[in-house]
Amino acid sequence: MESGKLRLLALLPILASFLLLYFDFFPLAYRTRCSLIPYRHYWIASKRIVTPSAVISGAVEVKGGKIISVIEGDDWQGKARSKQVYDYGEAVVMPGLIDVHAHLDDPGRTEWEGFPSGTRAAAAGGITTLVDMPLNSYPSTVSEETLKLKTNAAQGRIFVDVGFWGGLVPENAFNATALERLLDAGVLGLKSFMCPSGINDFPMTNSTHIKEGLSVLAKYKRPLLVHAEVQQELEGDDLATTEGAGNPRSYSTYLKTRPPSMEEAAIKELLTLTKETRVGGSSEGAHLHIVHLADSKSSLQLIKEAKSRGDSITVETCPHYLAFSAEEIPDGDTRYKCAPPIRDSHNKEKLWEALIDGDIDMLSSDHSPSAPELKLFDEGDFLKAWGGISSLQFVLPVTWSYGLKHGISLEQLVSWWSEKPAKLAGQDLKGAIVVGNYADIAVWVPEAEFELDDNHTVYLKHPSISAYMGSKLSGKVLATYVRGNLVYEQEKHASVACGVPILAR
Ligand SMILES: NC(=O)N[C@H]1NC(=O)NC1=O
Ligand SMILES: [Zn+2]
Ligand SMILES: [Zn+2]
């Protein structure tokens, strides 16, 4: 080689380090429309930073999308002198929420929800990662090919990170190769229903299907999420499953169609399988996660016992079961219709107790909107209306507002909404403010109250179907960072959607 070229090569490392310095000191050169701020290396300071060991006063150093230091006290000020500092004062800085149960309905039912609208609402609510359910979109995510349709649809259209659950359905349950292809393609785990899902191309599974699913999942060490309700022969008063069995506008009619025994029977059946997830069992490595538990009595007791026997099992509940109770639901107000149903206030108090005691592991939104027409507001028919709660933007303030009277702490909030969900979804670099993790951060003011009225900016695609509209909440989200990008601040979103589709490997 000529000596001129050699000399040029020798200069490359110097040039590279110059460029790096340039990007650090001249942030405009880094300006990206993924973020509302033009820095890749900066500090976030606050008097209330929620770390795994304590709530501290100090600062978090972010560089290249990751957290590179967390400093308690004032020592960070010297280190941050030449850097941009965002000082949020008394506002809480905590890990962004990870919602492991959201129906984004994209592709195929984007008139219900969609990646752009859903992830914008999430960002405005302090949620930095969503895991999308395999049904309500069309087609359902039940194969490698249909997962590809999801990731294509998500490309450049998500404002927060989005992972995907795959569907376990009768069609693929006995086909281990098909399930393996779906898992190899990157779904974070599988999801199935033990009762009709409301979506024709997502049929329900029985315990034989579920057993097959668990044995494949064991190899991947990924979870199976189950909607645990089974239809039963109902007797006497409970015979309200069909039209004419009661006034369909009355919430109590709907409630009777889905008694706690439906959850209990499903969970009993599941627990005959989860014993194989114990150490030495035939499905060791697999994990069962029960979604949206509503029954705080026998069902919960069964789960507690299974945990104590060593089954690999977790359970979530949702803010709507903690905020609302059957007694308060007005006749005809189908915004509150979901499955399993919102039960009475005593049940709600018991759910809070279980959450606080750690018997319920985590929270999720089960955000499941539809087109407003399907809520049948004119008829107010609880039996025919779409079942699903629309909540994504408000799960943080709802949990906080209703949790206040139970004296919940910021650490508990982080455990339920970030740490445990990160673990379930296999996201080792998310869910906590620690060095090395992605800078996924929510900044919010727990004490700030607001009313969900016409003056409040609502990013939900269909605010009219959300049962939270009209309520007064405490806890205002100021800013949301995803992988170091400020994706939302004070009613503004980044102009480009740079969330990452998360695939397991
Ligand atoms: N298909 C669907 O989203 N169903 C959900 N809605 C609901 O209220 N419970 C569910 O499982
Ligand atoms: Zn469900
Ligand atoms: Zn759901």
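All ligand and atom numbering here is 1-based and tracks the order in the structure. Numbers for residues simply follow the sequence, beginning at 1.
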Practice task
Give a yes/no answer: is there an N/O/S atom of His101 under 2.8 Å from the Zn ion (ligand 2)?
Solution key: no
Practice task
Considering only non-hydrogen protein atoms, determine which one is nearest to atom 6 (N) of ligand 1 and report residue, atom name and distance to 0.1 Å.
Solution key: Gly387 O, 2.9 Å
Practice task
Tell me which protein heavy atom sits closest to atom 9 (N) of ligand 1, plus the residue, atom name and distance to 0.1 Å.
Solution key: Ala339 O, 2.7 Å
Problem - Considering only N, O or S atoms of His292, the one closest to the Zn ion (ligand 2) - result: NE2
Exercise for the section: Kindly check if the number of other-residue, nucleotide or ligand heavy atoms within 6.0 Å of CD (Gln412) is above 12? Expected result: yes
Completion exercise
For Gly388, the atoms of ligand 1 under 4.0 Å from one of its heavy atoms are 6 (N), 8 (O)
Handout entry: CG (Asp454) with more than 12 external heavy atoms under 6.0 Å
Key = no
Completion exercise
Numbered in order shown, the ligand 1 atoms found under 4.0 Å of a heavy atom of His292 are 11 (O)
Exercise for the section: Please check if atom NZ in Lys472 has more than 12 non-hydrogen atoms from other residues, nucleotides or ligands closer than 6.0 Å. Expected result: no
Handout entry: Under 3.5 Å: N/O of Lys337 near N/O of ligand 1
Key = no
Handout entry: Subset of ligand 1 atoms that lie under 4.0 Å from at least one heavy atom of Leu135
Key = 1 (N)
Problem - Trp112 contact mode with ligand 1 (heavy-atom cut-off under 4.0 Å) - result: neither
Practice task
Count the heavy atoms of every other residue, nucleotide or ligand shown that sit under 6.0 Å from NZ of Lys304, and state whether that count exceeds 12.
Solution key: no
Practice task
Could you please compute the angle at the Zn ion (ligand 3) from OD1 of Asp366 to NE2 of His103, rounded to 10°?
Solution key: 90°
Fill in the blank from the handout: Quick note on ligand 1: atoms under 4.0 Å from a heavy atom of Asn136 include exactly 1 (N), 2 (C), 3 (O)
Practice task
Answer with yes or no whether Ser197 contacts ligand 1, where contact means a heavy atom under 4.0 Å from a ligand atom.
Solution key: yes
Exercise for the section: Establish, from distance only, whether the side-chain atoms of His367 and His103 form a donor-acceptor pair under 3.5 Å. Expected result: no
Practice task
Could you pull out the atom name of the N/O/S atom in His227 that is nearest the Zn ion (ligand 2)?
Solution key: ND1
Practice task
With heavy atoms only and a cut-off of under 4.0 Å, state how Met133 meets ligand 1: side chain, backbone, both or neither.
Solution key: neither
Exercise for the section: Compare Glu229, His227, His101, His367 and give the one whose heavy atom is closest to atom 11 (O) of ligand 1. Expected result: His227
Exercise for the section: Describe, in one word, how the ring planes of His493 and Phe159 are oriented to each other, choosing from parallel (under 30°), tilted (30 to 60°) and perpendicular (over 60°). Expected result: perpendicular
Handout entry: More than 12 heavy atoms from other groups under 6.0 Å of NZ on Lys461
Key = yes
Problem - Thr146 and Ser143 side chains, donor-acceptor separation under 3.5 Å - result: yes
Exercise for the section: Would you verify whether the NZ or CZ of Arg157 falls within 45 degrees of the ring axis of Phe115 while also being under 6.0 Å from that six-membered ring's centre? Expected result: no
Handout entry: Subset of ligand 1 atoms that lie under 4.0 Å from at least one heavy atom of Asp366
Key = 7 (C), 9 (N), 10 (C)
Handout entry: For Cys338, the ligand 1 atoms whose distance to one of its heavy atoms is below 4.0 Å
Key = 8 (O)
Handout entry: Donor on one side chain, acceptor on other, Tyr321 and Asn347, under 3.5 Å
Key = no
Practice task
Answer yes if the side chains of Thr334 and Lys375 hold a donor-acceptor pair under 3.5 Å, and no otherwise.
Solution key: no
Practice task
Determine whether the side chain, the backbone, both or neither of Ile389 has a heavy atom under 4.0 Å from any heavy atom of ligand 1.
Solution key: neither
Handout entry: Nitrogen or oxygen of Phe193 less than 3.5 angstrom from that of ligand 1
Key = no
Problem - Candidate pair Leu293 and Glu263, rule side chain to side chain contact (heavy atoms under 4.5 Å, CB included), full reasoning - result: CA-CA 8 Å; Leu293 183 84; Glu263 291 186 74; 3.7 Å; yes
Exercise for the section: Could you establish whether Phe202 and ligand 1 come within less than 4.0 Å of each other, counting only heavy atoms on the residue side? Expected result: no
